[in-house]
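Single-structure report; data block below.
Just the heavy atoms: all of them, side chains too, but no hydrogens, waters or symmetry mates, feed the values below.
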Amino acid sequence: MSVVGDHGIARNWVDKRNVSEQALADMPNTPHFPPNDPLVIELLAFPSVQLLDVAGPLQVFASANEIAAGGPGRAAPYVLKVVARSGTSVPTSSGLGLAAEPLPSTDMVPDTLLVAGGPGVQQAASDVVLVDWLRDRAERVRRVASVCTGAVLLATAGVLNGRRATTHWSVCTELSRRFPEVRVEPDLIFARDGPVWTSAGVTAGIDLALALVEEDLGRSVALAVARYLVVFLKRPGGQAQFSATLSLQTAEDKFGMLHAWIEAHLADDLSLAALARQAGMSERSFSRHYAEGNRPDARAEHRAPQSRGGTAPAYRLTIAHQTNFATLRLRV
């Protein structure tokens, strides 16, 4: 995410807590180690798994195989496997079945274990055999990662104890409450703490997989994959901004349609007169009802830093649309 600071300098939203382990933004252009043998990626699925949690990362690795092995004599860098306790077709939450292999034995250790999420994650977390297998597996692999609510499975297995982690915005509070040993950080697209990676909701698994590809194969391959899939190599935004934007458009919000219109017209006239006209109110009525029912100052602080000044009863929105993130300020 690009945010305009006090001096007009655009800054990227990056996780600077541990620069030595930072993904994507500070990743070297060459991989830490060029893999000689194919890296086995196991993706753990379960009944009612989120389809995109599986398909998104798998496609990133599959595309990396196609791009990295594009020349003569080049071998694909990854071997991809979907595994499940059932070892048969796994039904996803969307109804589509996934072909899966049985849980491998402990002597068949992959390079990376990726744990998907989905509506069935709580049931999966109550499966003692599955959790024990996951705990043992996580100790043996070079790195372990979760997509979306797959973090719940990792936390249940104790893999996240004492570590920073993120997950889907809707369960961050619950994850923090149930697992106080985990340092949950809800404002990240993905987090890395040593060999353990976690991602935010659903499509953030693609961001995480791109970071893993970049670590393995270098930035140029990861960028080529991102271009092929028509996604950002480094998404210009933190997870909190996405969820807060959507929260402004909920059905119970009487100004929800206005908020949606604002999102679609950030570069247009967003003066008080324009907003009142769009809401079908007089300027005076709009100012009063919006202030009483919506706390615009509180809503704005979820979107971007706010500044206050002056005594006019109107609200003024200023948009820094030259950057990837529109800075929203309300002045009372």
Side-chain angles (χ1 to χ4, degrees), residues 40-66 78-104 110 112-134 137 144-157 166-175 178 189-190 197-210 212-213 225-226 228-232 235 239 242-243 245-247 249-251 260:
V40 178
I41 308 290
E42 280 182 0
L43 203 154
L44 178 63
F46 46 81
S48 290
V49 69
Q50 166 65 248
L51 177 60
L52 274 176
D53 286 8
V54 179
L58 280 183
Q59 187 57 58
V60 169
F61 293 120
S63 295
N65 276 344
E66 295 173 2
Y78 296 112
V79 174
L80 308 177
K81 298 181 179 180
V82 177
V83 301
R85 189 180 177 195
S86 64
T88 57
S89 178
V90 178
T92 67
S93 59
S94 61
L96 183 66
L98 294 174
E101 302 178 15
L103 297 179
T112 302
L113 175 62
L114 199 60
V115 181
V121 72
Q122 300 296 347
Q123 185 65 31
S126 67
D127 186 333
V128 176
V129 174
L130 180 62
V131 171
D132 287 345
W133 178 88
L134 175 57
R137 203 68 166 170
V144 61
S146 65
V147 178
C148 195
T149 55
V152 173
L153 262 175
L154 288 187
T156 303
T166 192
T167 185
H168 192 283
W169 61 266
S170 66
V171 298
C172 282
T173 300
E174 178 67 11
L175 183 68
R178 289 181 55 193
I189 294 295
F190 63 86
W197 302 62
T198 52
S199 84
V202 194
T203 59
I206 295 175
D207 300 79
L208 182 144
L210 284 169
L212 299 180
V213 168
V225 172
Y228 178 76
L229 297 179
V230 198
V231 297
F232 289 104
R235 192 187 302 208
Q239 188 183 358
F242 290 98
S243 58
T245 297
L246 293 176
S247 71
Q249 301 174 26
T250 53

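Atoms CG and CG, from L103 and D132 in turn, are 11.5 Å apart once rounded to the nearest 0.5 Å. To the nearest 0.5 angstrom, D207 atom CG is 11.0 Å from L212 atom CG. Distance CZ/R178 to OG1/T173: 13.5 Å, rounded to 0.5 Å.
Counting only heavy atoms from C-beta outward, the side chains of R137 and V144 never approach each other to under 4.5 Å. Two residues are said to be in side-chain contact when any heavy atoms from C-beta on lie closer than 4.5 Å; L134 and L113 meet this criterion. Residues V225 and L210 have side chains in contact (heavy-atom distance under 4.5 Å, counting atoms from C-beta outward). Residues L229 and Q59 are in side-chain contact: their nearest non-hydrogen atoms beyond the backbone lie under 4.5 Å apart. Proximity of L114 to L208: side-chain heavy atoms (C-beta onward) are separated by under 4.5 Å at one or more points. Side-chain contact between L98 and L51 is present, with at least one heavy-atom pair separated by less than 4.5 Å. For the pair T203/V231, no side-chain contact is recorded, criterion being any heavy-atom separation below 4.5 Å from C-beta on. Residues P104 and V83 form a side-chain contact, since some pair of their non-hydrogen atoms from C-beta on lies under 4.5 Å apart.
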- Could you walk me through whether T112 and Y78 pass the side-chain contact (heavy atoms from CB on, under 4.5 Å) test, one step at a time? CA-CA 10 Å; T112 302; Y78 296 112; over 6 Å; no

- Item | side chain to side chain donor-acceptor pair (under 3.5 Å) between S126 and Q122, worked out | CA-CA 6 Å; S126 67; Q122 300 296 347; over 6 Å; no

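The two residues V147 and P57 come nearest to each other via the heavy atoms CG2-CG, 4.0 Å. Closest heavy-atom contact between P119 and S48: CD-O, 3.2 Å. Residue L80 comes nearest to F61 through the heavy atom pair CD2-CB, 3.5 Å, listed as atom of the first residue, atom of the second, then distance. Considering all non-hydrogen atoms of both residues, V131 and A124 come closest at CG2-O, 4.1 Å. Closest of all the heavy-atom pairs between C148 and T167 is O-OG1, 2.8 Å. Pairing each heavy atom of L44 with each of A84, the nearest pair is CD1-CA, 4.4 Å.
A donor-acceptor contact shorter than 3.5 Å links the side chain of T198 to the backbone of T166. The closest donor-acceptor contact from the side chain of T149 to the backbone of G118 lies under 3.5 Å.
Residues in residues 80-89 take part in these salt bridge (charged side-chain N to carboxylate O under 4.0 Å, His left out) pairs, two or more places apart or across chains: R85-D127.
Considering only residues two or more places apart in sequence or on other chains, V82 meets the side chain to side chain contact (heavy atoms under 4.5 Å, CB included) condition with A45, V54, L58, A100.
No more than 12 heavy atoms of other residues, nucleotides or ligands sit less than 6.0 Å from atom CD of Q123.
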